[in-house]
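Proteins come first, then strands; the chains are lettered A, B, ... in the order of their sequence lines, and each starts at number 1.
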Amino acid sequence: MVLCIFAANSKTMTQKRVRVRFAPSPTGPLHMGGMRTALFNYLFARKNGGDFILRIEDTDQTRYVHQAEDYIVESLKWCGLIPDEGPGFGGPCAPYRQSERKEIYADYARQLVKSGWAYYSFDTPEELDRLRSEAESAGALFSYDQHTRMKLCNSLSLSREEVNRRIGAGEPYAIRFKMPENVDVTNEDLIRGSVTFNTRELDDKVLFKSDGMPTYHLANVVDDHLMAITHVIRGEEWLPSLPLHVLLYRAFGWEDTMPEFSHLPLILKPHGKGKLSKRDGDQMGFPVFPLAWKDPETGEISRGYREDGYFPEAFINLLALLGWNPGTEQEILSLEELTAQFSLDRVVKSGSRFDPEKARWFNRQYLQQKPAQELARLLVPLLYEKNIDTTLARVVDVCEEIKVRCDFISDFWEQGHYFFTAPSTYDEKAVAKRWKPETPEELTAIACLFESVETWEAPVVKVLFSDFMNEKGWNFGNVMNTLRICLVGGNQGPDLFRICEILGKQETVARIKSALLKIPNP
RNA sequence: GGUCGGUUCAUCUAAGGGUUAGGAUUCAAGAUUUUCAUUCUUGCCAUAGGGGUUCGAAUCCCCUACCGACUGCCA
């Protein structure tokens with residue numbers, strides 16, 4: 001096992017190099033809250049010229065999902081959060097999967113037993129489950145702690161001989177932390193300030209499981225130490241285990257190089273109680289995962305921001321502003337700007353409700369910034385799926401005209417389908433409002449006028465049309481609107497003459513004639 | 001239940017003892033667009049409650065209420 005070089009010289013360095021890690025568990029798709037944690041770690045590392053490390057916390061064999069690690073890496077890549085070190089990325093502290101570091105942890109766990117900070121526990125999970133449910137039915141809660149440990153089956157309550165006998169016989173055991181009885185543990189959280197816990201209320205957490213794997217608590221402390229992590233930035237759900245982690249650093253004698261902690265606020269449901277869950281997304285029609293995910297067990301598909309048409313820049317931006325702000329009124333920030341402006345002391349303490357409407361707004365901002373050429377390139381595959389035969393130049397023209405009314409690439413079809421297919425039906429309300437007895441005569445004359453136009457460009461058509469209308473003394477509004485109905489099928493869309501231009505002379509005239517045949521006179 | 005954390009417009013948030021409590025989203029109204037959308041303007045809307053400290057509190061302290069996280073040989 002190669003020890004990380006940073007651990008060796010971290011104490012001698014006056015200014016430690018900033019090293020942070022994103023440490024997800026591969027149990028399924030990454031939640032957007034997890035992505036935000038990754039983002040804040042990334043921003044902090046970049047801002048401080050440090051390293052952003054990906055570490056896979058796969059110590060729970062029962063919950064391991066094989067595709068999840070790839071999903072995590074792909075999500076990070078999609079967002080542009082490329083780890084400096086991690087599985088598949090290399091680095092001096094490899095391996096970065098805890099399952100591949102398995103041999104490391106047992107020694108550390110035994111070291112704590114030797115020094116009296118931990119003990120062997122022979123109680124089976126079934127036995128503990130029984131105690132828990134018994135306590136529950138008595139209206140109490142069972143806790144494996146300083147009050148109960150001597151009544152249970154462990155190396156504290158059993159004789160030395162009995163313990164040796166059991167271990168010698170190969171009886172399975174776990175190693176538990178021996179929580180001190182009455183100690184105040186205080187830590188300066190970079191986001192929350194001073195936080196204090198008394199060990200009286202804390203239980204004896206399992207550090208090393210009977211299956212030979214460490215628990216999160218042991219593994220994360222050992223690895224953060226070996227990987228010379230300087231700052232732990234993680235979700236608020238970890239706050240209750242902070243005293244245990246601090247005490248572990250103390251027990252190992254690593255307190256002087258212990259990382260600084262920051263606990264991020266939760267992302268909450270748009271409405272109602274609790275933290276944001278997959279269910280909320282399903283119910284309200286928005287993704288909670290960066291990428292779509294197909295559950296390997298059930299085959300159930302969860303939508304993703306990427307597949308729903310969000311731009312990664314927009315996703316990053318909206319995530320960054322959930323619980324953080326730059327202190328200015330700027331809301332649209334690129335990853336570079338976020339990096340330059342990020343700081344932990346501007347992270348808010350309270351949980352943020354996720355607002356899907358604002359998420360849409362963010363995407364809109366990025367879409368509006370993009371040139372028509374780029375939007376057209378993204379739209380072409382969608383048109384291809386619909387068997388639309390067209391040219392890129394035409395798609396660019398369409399994008400130019402209708403992007404202002406779109407929030408997502410997928411909106412372009414709804415907003416501009418008539419550029420590619422002639423209307424087959426006509427909006428009844430619009431027809432009822434605009435279609436007058438004189439309409440057929442007027443439109444016939446307009447079609448005739450159009451056929452004679454030589455230079456088919458919007459400004460030219462507009463002038464000829466206007467002159468003609470003035471000459472005839474017809475009602476501008478009504479003729480323009482009926483003309484729009486013929487071309488578009490309803491009363492929406494951009495400038496009428498731009499539509500004419502993009503459609504082309506033949507098609508414009510053809511649509512007028514077709515509508516005159518299909519729409520009955522009032 | 002216990003421990004810890006949190007509480008400014010409906011939502012995201014600014015204001016780190018002194019501002020008419022600011023911005024953004026949503027919503028509403030008006031203007032422009034001979035349509036629709038956009039855009040612009042305007043409007044609505046907040047310091048959880050109660051006590052202190054102070055000349056002065058959203059900001060500091062205490063209590064209450066409410067919300068949340070955690071309370072597994074899960075992470």
field: B:C36 to B:A31 separation - P atoms, rounded to the nearest Å
entry: 12 Å

- request: Can you figure out which of B:A24, B:C12, B:G5 approaches the side chain of A:Arg353 most closely?
  value: B:C12

task: May I ask you to say whether A:Arg55 pairs ionically with A:Glu57, meaning some side-chain N is under 4.0 Å from a carboxylate O?
output: yes

query: Given that both distances must come in under 3.5 Å, which nucleotide forms a Watson-Crick or G-U wobble pair with B:C70?
result: B:G2

- prompt: When you check the gap from the basic side-chain N to the acidic O, do A:Asp407 and A:Arg364 get nearer than 4.0 Å?
  reply: yes

Residues A:Asp411, A:Arg405: salt bridge by 4.0 Å N-O rule: no

statement: Re B:A58: Watson-Crick or G-U wobble partner, both distances kept under 3.5 Å, found to be none

message: Taking donor-acceptor contacts at under 3.5 Å, does the side chain of A:Ser352 reach the base of B:C12?
response: no

field: Atom pair distance, as rounded to whole Å: CG in A:Leu244 and P in B:A75
entry: 12 Å

- request: Whole angstrom is fine here: how far is it from CD1 in A:Ile175 over to C1' in B:G72?
  value: 18 Å

task: State plainly whether the residues A:Glu126 and A:Arg130 are in salt-bridge range, i.e. N to O under 4.0 Å.
output: no

Touch class at under 4.0 angstrom, heavy-atom based, for A:Gly490 against every strand present: nothing

query: Atom CG of A:Asn154 and atom P of B:C73: how far apart are they, to the nearest Å?
result: 14 Å

- prompt: Taking CG from A:Leu321 and C1' from B:U25, how many angstroms apart are they, rounded to a whole number?
  reply: 12 Å

query: Roughly, in whole Å, what's the span from CZ in A:Phe197 to P in B:C70?
result: 13 Å

message: What's the gap between B:U7 and B:G30 when it is taken at their P atoms, as a whole Å value?
response: 39 Å

field: A:Asn325 CG - B:U25 P separation (whole Å)
entry: 16 Å

- prompt: Are A:Tyr305 and A:Phe315 near enough that their ring centres are under 6.0 Å apart?
  reply: yes

- request: Can you tell me, in whole Å, how much space there is between the P of B:U42 and that of B:G22?
  value: 14 Å

query: Does a distance-only test, which skips hydrogens and angles, find a donor-acceptor pair under 3.5 Å between the side chain of A:Arg405 and the base of B:U38?
result: no

task: May I ask which nucleotide in the shown strands pairs with B:U19, Watson-Crick or G-U wobble, both distances under 3.5 Å?
output: none

message: When the P atoms of B:U41 and B:A57 are compared, how many Å lie between them, rounded to an integer?
response: 36 Å

P gap between B:U33 and B:G43, integer Å: 24 Å

task: Decide, yes or no, whether a salt bridge links A:Lys205 with A:Asp203 under the criterion of side-chain N to carboxylate O below 4.0 Å.
output: yes

message: Under a 3.5 Å cut-off for both contacts, is B:U47 paired Watson-Crick or G-U wobble with anything, and if yes, with which nucleotide?
response: none

- prompt: Atom CG of A:Asp204 and atom C1' of B:U3: how far apart are they, to the nearest Å?
  reply: 16 Å

message: What's the gap between B:U71 and B:A75 when it is taken at their P atoms, as a whole Å value?
response: 11 Å

field: Euclidean distance for P, B:G18 against B:C61 (whole angstrom)
entry: 16 Å

field: Separation of the C1' atoms in B:G5 and B:A10, to the nearest angstrom
entry: 24 Å

message: Suppose we define a pair by two distances each less than 3.5 Å, Watson-Crick or G-U wobble; what does B:A28 pair with here?
response: B:U42

query: Does B:U35 have a Watson-Crick or wobble partner in any strand here, with both distances under 3.5 angstrom, and which is it?
result: none

